[in-house]
Amino acid sequence: MSNNGTWDWLRAPVEVAAPRLLGCNVVRELDGSILRARIVEVEAYDEEDPASHTHRGPTARNAAMFLAAGHAYVYLSYGIHHCLNVVAGEAGHGAGLLIRAVEPLEGEDVMLARRGTPRRQLTNGPGKVCAALGIDLSLTGHDLALPPLQLEREPERPASDIVVTTRIGISKAAETPRRFYLAGYPDVSRK
DNA sequence: GAAAAGATCTTCT
DNA sequence: GAAGATCTTTTCC
């Protein structure tokens with residue numbers, strides 16, 4: 001599906017853009033093969049959020065999150081794991097959606113070969129998603145309308161299919177309900 | 001099966 | 001110099 005280069009549907013407050021991103025597909029071109037995965041869990045972050053990297057304004061690391069909606073923001077977590085975000089909101093506003101989990105749709109065999117882990121634990125965490133899709137720091141600031149990493153919009157899911165809970169793995173504002181996931185994947189981030 | 005600690009590095013205080 | 005939007009492996013019930 002073509003987006004015509006416009007990301008109007010992401011240019012909204014993160015809590016509005018988050019449910020729209022659920023169910024969309026990430027398409028990754030890697031070593032001549034196509035990897036496609038459906039986004040099933042995200043977390044919302046913006047400048048007003050004490051837990052967000054952008055809370056204290058722009059820095060060299062988080063500059064990508066201040067770009068226009070539809071760019072990628074990748075950061076290195078604990079020196080080991082990469083995490084992928086989709087920039088949302090107005091340009092200059094420093095907001096994004098962390099992709100916590102995806103469901104393999106195409107090229108699953110390639111992902112399994114890359115990771116060497118069972119299917120159930122293939123993409124059920126932000127670091128694993130990036131490992132499976134071969135995403136690293138070089139993709140920070142990448143335009144998601146272009147290869148080798150693209151975002152395909154899918155019809156928005158009915159609100160009844162979306163569950164909102166508190167976020168995971170943070171210490172500040174941990175009780176704020178800004179984690180969104182699709183019904184049917186209740187344990188996607190559990191071990 | 002559950003809990004704890006190790007790995008490893010960028011960014012900010 | 002310390003903390004962090006994490007995952008894997010080890011250890012101990």
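The same atom, P, is picked in B:dA3 and in C:dA5; the two are 23 Å apart, to the nearest Å.
Ring-plane geometry between A:Tyr75 and A:Tyr73 is classed as parallel, the angle between the planes falling under 30 degrees on a 0 to 90 degree scale with a further cut at 60.
Of the candidate nucleotides C:dA5, C:dG4, C:dC7, C:dG4 has the atom lying nearest to any side-chain atom of A:Tyr78. Which of B:dT11, C:dG4, C:dT6 sits closest to the side chain of A:Pro126 comes down to C:dT6. For A:Tyr75, whose side chain is taken as the heavy atoms from C-beta onward, the closest listed nucleotide among B:dC12, C:dA5, B:dC9 is C:dA5. The side chain of A:Thr59 approaches B:dC12 more closely than any other nucleotide in the set C:dC7, C:dA5, B:dC12. Counting only heavy atoms from C-beta on, A:Ile80 has its side chain closest to B:dT8 among B:dT10, B:dT8, B:dC12. Checked against B:dC12, B:dT10, C:dG4, the side chain of A:Arg56 finds its nearest nucleotide in B:dC12.
One atom, NZ of A:Lys172, and another, P of C:dG4, lie 6 Å apart when rounded to the nearest Å. The interatomic distance linking A:Leu122 (CG) with C:dC7 (P) rounds to 13 Å, in whole Å. Straight-line distance from the CD atom of A:Gln121 to the C1' atom of C:dT9: 12 Å, rounded to whole Å. Between the CE atom of A:Met65 and the P atom of B:dT11 there is a distance of 13 Å, rounded to whole Å. Distance CD (A:Glu41) to P (C:dT6): 11 Å, rounded to an integer number of Å. Atom pair A:His82:NE2 and B:dT11:P shows a separation of 12 Å (rounding to whole Å applied). Between the CG atom of A:Asn62 and the P atom of B:dT10 there is a distance of 16 Å, rounded to whole Å. Atoms CZ (A:Arg178) and P (C:dA5) sit 15 Å apart, rounded to a whole Å.
Among the duplex regions that DNA chain B forms, those built from at least three successive Watson-Crick or G-U pairs under 3.5 Å are B:1-7 with C:6-12, B:9-12 with C:1-4, ordered by first number.
Toward the 5' end of DNA chain C, the nearer of the two residues A:Thr117 and A:Tyr73, judged by each one's closest nucleotide, is A:Tyr73. Residues A:His81 and A:Arg61 each lie close to DNA chain B; by heavy-atom proximity, the contact nearer the 5' end of the strand is made by A:His81.
When each of A:Val26, A:Val27, A:Leu144 is paired with A:Glu152, the side-chain contact (heavy atoms from CB on, under 4.5 Å) condition holds for A:Val27 and for no other.
Scanning all heavy atoms of the two residues, the minimum distance from A:Asp136 to A:Ser138 falls at OD1-OG, 2.5 Å. Smallest separation of non-hydrogen atoms from A:Lys128 and A:Asn124: NZ-OD1, 2.9 Å. Listed here is the closest heavy atom pair of A:Pro118 and A:Leu112: C-CD2, 4.4 Å. Contact record, A:Ala68 with A:Val87: O-CG1, 3.6 Å, taken as the closest heavy-atom pair.
Remark: A:Ser171 is not in phosphate contact with C:dA3, judged by side-chain N or O atoms under 4.0 Å from OP1 or OP2. In this structure, A:His53 does not reach the B:dT11 phosphate: none of its side-chain N or O atoms is under 4.0 Å from OP1 or OP2.
The CG atom of A:Asp46 sits 9.5 Å away from the CE atom of A:Met65 when rounded to the nearest 0.5 Å.
Using a cutoff of 4.0 Å between basic side-chain nitrogens and carboxylate oxygens, A:Arg38 and A:Glu154 are not scored as salt-bridged. Between A:Asp8 and A:Arg20, none of the side-chain N atoms (NZ, or NE/NH1/NH2) sits under 4.0 Å from a carboxylate O, so this pair counts as no salt bridge.
For the segment residues 10-28 of chain A, the set of residues with a heavy atom within less than 4.0 Å of an atom of DNA chain C is empty.
Within 4.0 Å of A:Arg115, counting heavy atoms only, lie sugar-phosphate atoms of the nucleic acid but no base atom. Contact annotation for A:Ile170: backbone-only contact, meaning every heavy-atom pair under 4.0 Å involves sugar-phosphate atoms and none involves a base.
A donor-acceptor pair under 3.5 Å is formed between the side chain of A:Arg167 and the backbone N or O of A:Ala173.
Annotation: side chain of A:Val42 is not in contact with side chain of A:Arg100 (no heavy-atom distance under 4.5 Å).
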